[in-house]
Amino acid sequence: MELIQLSPRMDVDASLHLRSPGEVLLLDYLLPATMNHQQLARRTGIRAPHLREFLTDARPMTPRHAIRLALVLDTSPLYWLVLQARYDLAREALRASGDR
């Protein structure tokens, strides 16, 4: 069973506001739940310093951490990894356009 139909032209709507996985985690999950990163660390088993680095965009989302967040926040691991991929691609595109 295929969950997502992959195609060579697959893309994300460019009109959507670009947000890092850390920004999404903070604004869409932690703040509404009045939870801090230490509380999330206890619930997920992700080390608090790593979560703090996600929130400040100093550390990229990994598959292991995406799985742990998904279990606790009722999302899918793919959600977090797609957010990271989109963010990385957009940042690289900006960097590449500045090199010209």
Side-chain angles (χ1 to χ4, degrees):
M1 178 173 107
E2 242 181 276
L3 298 176
I4 298 175
Q5 182 65 41
L6 297 177
S7 77
R9 297 279 182 199
M10 181 179 259
D11 206 354
V12 176
D13 184 351
S15 69
L16 295 174
H17 174 68
L18 179 65
R19 298 191 308 162
S20 70
E23 182 179 353
V24 171
L25 180 59
L26 177 64
L27 298 179
D28 295 357
Y29 295 91
L30 293 181
L31 291 179
T34 61
M35 186 184 331
N36 62 40
H37 74 279
Q38 291 95 347
Q39 292 167 318
L40 184 61
R42 283 192 293 278
R43 292 180 67 194
T44 61
I46 299 171
R47 294 182 51 222
H50 289 184
L51 283 171
R52 189 173 43 252
E53 290 172 344
F54 289 142
L55 294 171
T56 60
D57 302 325
R59 176 183 289 269
M61 185 63 59
T62 65
R64 177 177 296 204
H65 292 136
I67 290 169
R68 289 175 181 227
L69 287 174
L71 289 171
V72 169
L73 300 175
D74 195 29
T75 63
S76 75
L78 184 60
Y79 172 71
W80 297 105
L81 295 176
V82 168
L83 285 172
Q84 185 67 56
R86 179 177 185 244
Y87 186 70
D88 291 345
L89 287 168
R91 284 186 8 185
E92 189 57 36
L94 285 172
R95 188 176 299 130
S97 67
D99 291 342
R100 292 181 188 176

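The residues of the chain are indexed from 1 along the displayed sequence.
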If you compare all heavy atoms of Ser20 against all heavy atoms of Asp57, which two are closest, and at what distance to 0.1 Å? OG-OD1, 2.7 Å

Looking only at non-hydrogen atoms, find the nearest pair between Ala70 and Pro77 and report the distance.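 Looks like CB-N, 3.4 Å.
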
Hey, what do you get for [atom1] ([X]) to [atom2] ([Y]), rounding to the nearest 0.5 Å?
| X | Y | atom1 | atom2 | answer |
| --- | --- | --- | --- | --- |
| Leu73 | Leu30 | CG | CG | 7.5 Å |
| Glu23 | Leu18 | CD | CG | 8.5 Å |
| Ile46 | Leu69 | CD1 | CG | 4.0 Å |

Using a 4.5 Å cut-off on heavy atoms from C-beta on, say whether the side chain of Pro21 contacts that of Phe54.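 No, every pair of side-chain atoms sits at 4.5 Å or beyond.
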
Answer yes or no: is there a side-chain heavy-atom contact under 4.5 Å between Gln84 and His65? no

Does Leu71 have any side chain to side chain contact (heavy atoms under 4.5 Å, CB included) partners at least two apart in sequence or in another chain, and if so, which? Ile67

Quick one: salt bridge (charged side-chain N to carboxylate O under 4.0 Å, His left out) partners of Asp28, sequence neighbours excluded?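 With neighbours one apart ignored, the set is Arg19.
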
Contacts of type ring-ring contact (aromatic ring centres under 6.0 Å, His included), residue Tyr29, not counting sequence neighbours: Trp80

In terms of hydrophobic clusters joined by side-chain contacts under 4.5 Å, are Leu27 and Tyr79 together?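 Linked, Leu27 and Tyr79 end up in one cluster.
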
Is there a path of hydrophobic side-chain contacts, each under 4.5 Å between heavy atoms of I, L, V, M, F, W or Y residues, that connects Met61 with Met35?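 Yes, same cluster.
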
Leu25 and its side chain to side chain contact (heavy atoms under 4.5 Å, CB included) partner, picked from Leu40, Leu31, Leu83: Leu40

Donor-acceptor check, side chain of Gln39 to backbone of Asn36, threshold 3.5 angstrom: yes or no? yes

Is a side-chain donor or acceptor of Arg52 paired with a backbone partner of His37 at a separation under 3.5 angstrom?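 No, Arg52 side chain to His37 backbone: no donor-acceptor pair under 3.5 Å.
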
